[in-house]
Amino acid sequence: MIRLEGVTKRFRSAAGERTALDGVDLEIAAGDVFGVVGRSGAGKSTLVRTINRLERPDAGRVFVDGQEITALDAAGLRTARRRIGMIFQHFNLLNAKTVAENVAFPLRLEGRRGGDVDRRVAELLERLGLAEHGRKHPAQLSGGQKQRVGIARALATEPKVLLCDEATSALDPETTEDILTLLDQLNRELGLTIVLITHQMEVVRRVCDRVAVMKDGRVVEQGATADVFLHPHHETTRAMLAEGEEAFDASVVPAGARLAKLTFRGAATYGPELSRVARSVGVDYSILSGRISRIRGEPYGQLTVAFTGGDAEAAVARLTERGVRVEAA
Ligand SMILES: Nc1ncnc2c1ncn2[C@@H]1O[C@H](COP(=O)(O)OP(=O)(O)OP(=O)(O)O)[C@@H](O)[C@H]1O
């Protein structure tokens, strides 16, 4: 659905030249929720803005739904943008207009008038739970409601792609969850391809099928969210995932222990595998750190354990046989 080939973007200012994107190749499949993460300044916003050509790359090509966005003239770009909606951290609503007028705005730009516009706006407000707010102004709404208006406006022209630039970063955790549930629902019900940039790893865990990690204008790691988040390779990914997690205290590790990081996925997360294996080979284990959670709905458990008092290698071999991934801790 979306393909970036060697996309490079430089910004020139009084302070000098800055390469925001440095030869980025990326492919996003139709119907995916695709996350882009990275530290501040990594190039996430610039990347997402090349998809609807709010930024024009200095080199490389961008394709959306088979069309080369980087090659379009102004009229072609106007048409293409109807198929690419976008929402923003600070909503970017027209404050002097009502909610209904905000949602109608992209339809009016297309020259649509009258009952046709009213019907479409009513349908969108209903779908987004805003039916009773149509006559209000943005200032009368909560942050979550404002973002719903942003989404309704973005969906007005029936886009195939929705770009989300830090769309939940200004919201509290409960409202963030509410908006993510909504995006998830729109992805499933409308088959909408969603590209979501965020610095919140929880957001990616919750809704993204796939994720790309950026550093200094480059994609340094990408793949299925569960693979990247459970087995990160790049230092940036590891560091971002480690934030807020407590590392175990090395002084508590029993003498002579064999440390292992165990990953259980799916139903095995809640199963008694570890205890069974320990019993069958006659080892003890201590849990040093652990987490049970979900990635895009799939349960996983990740434990760091210390095996002692027996044949730890046999325990590792048997866990591996049973589908538990064992890595050095
Ligand atoms: N319009 C611009 N003019 C000059 N420099 C820019 C412009 N837009 C972005 N940059 C620079 O390009 C680099 C990448 O910025 P970008 O906003 O894409 O990063 P980001 O990963 O989205 O970061 P953040 O999370 O802070 O928004 C940064 O160094 C930024 O200062």
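First listed ligand is number 1; within each ligand, the first listed atom is number 1.
- A salt bridge does not link E110 to R108: none of the charged nitrogens lies less than 4.0 Å from a carboxylate oxygen.
- Looking from atom 19 (O) of ligand 1 to the surrounding protein, the closest heavy atom is G43 N, 3.2 Å.
- Judged purely by distance below 3.5 Å, without hydrogens or angles, the side chains of D165 and S45 pair a donor atom with an acceptor atom.
- Between the side chains of R294 and T269, no donor N or O sits under 3.5 Å from an acceptor N or O.
- Between the CZ atom in R205 and the CG atom in L180 there is a gap of 13.0 Å [rounded to 0.5 Å].
- Ligand 1 does not have S13 within reach: every non-hydrogen atom of the residue lies 4.0 Å or more from it.
- The closest protein non-hydrogen atom to atom 26 (O) of ligand 1 is S40 OG, 2.6 Å.
- From the protein, the heavy atom lying nearest to atom 4 (C) of ligand 1 is F11 CB, 3.4 Å.
- Note on K9 versus D22: no salt bridge recorded, every NZ/NE/NH1/NH2 to OD/OE distance being 4.0 Å or above.
- Between A15, S45, G41, it is G41 that holds the heavy atom closest to atom 24 (P) of ligand 1.
- Ligand 1 has no N or O atom lying under 3.5 Å from any N or O atom of I197, backbone or side chain.
- Proximity of atom 9 (C) of ligand 1 to the protein is indicated by at least one non-hydrogen atom lying closer than 4.0 angstrom.
- Contact annotation for atom 12 (O) of ligand 1: protein present (non-hydrogen atoms, distance under 4.0 Å).
- Heavy-atom contacts of R39 reach the following atoms of ligand 1: 21 (O) (cutoff under 4.0 Å).
- Within the 4.0 Å heavy-atom criterion, neither part of H199 lies near ligand 1.
- Nearest protein heavy-atom contact of atom 25 (O) of ligand 1 is K44 NZ, 3.1 Å.
- Taking the centre and axis of the six-membered ring of F11, the NZ or CZ atom of R18 falls outside the cone set by 45° and 6.0 Å.
- Near A20, with a cut-off below 4.0 Å to any heavy atom, the atoms of ligand 1 are 12 (O), 13 (C), 14 (C).
- Side-chain contact of D172 with T175: a donor-acceptor pair under 3.5 Å is present, judged by distance alone.
- Heavy-atom proximity to T46, at under 4.0 Å, picks out these atoms of ligand 1: 15 (O), 16 (P), 18 (O).
- Any N or O atom pair closer than 3.5 Å counts here, and A42 shares at least one such pair with ligand 1.
- Using a cutoff of 4.0 Å between basic side-chain nitrogens and carboxylate oxygens, R120 and D116 are not scored as salt-bridged.
- Checked by atom type, the side-chain pair T237/E221 shows a donor-acceptor distance below 3.5 Å.
- For R18, every heavy-atom contact with ligand 1 shorter than 4.0 Å involves the side chain, none the backbone.
- One finds a salt bridge joining R325 and E327 here, because a Lys/Arg side-chain nitrogen approaches an Asp/Glu carboxylate oxygen to under 4.0 Å.
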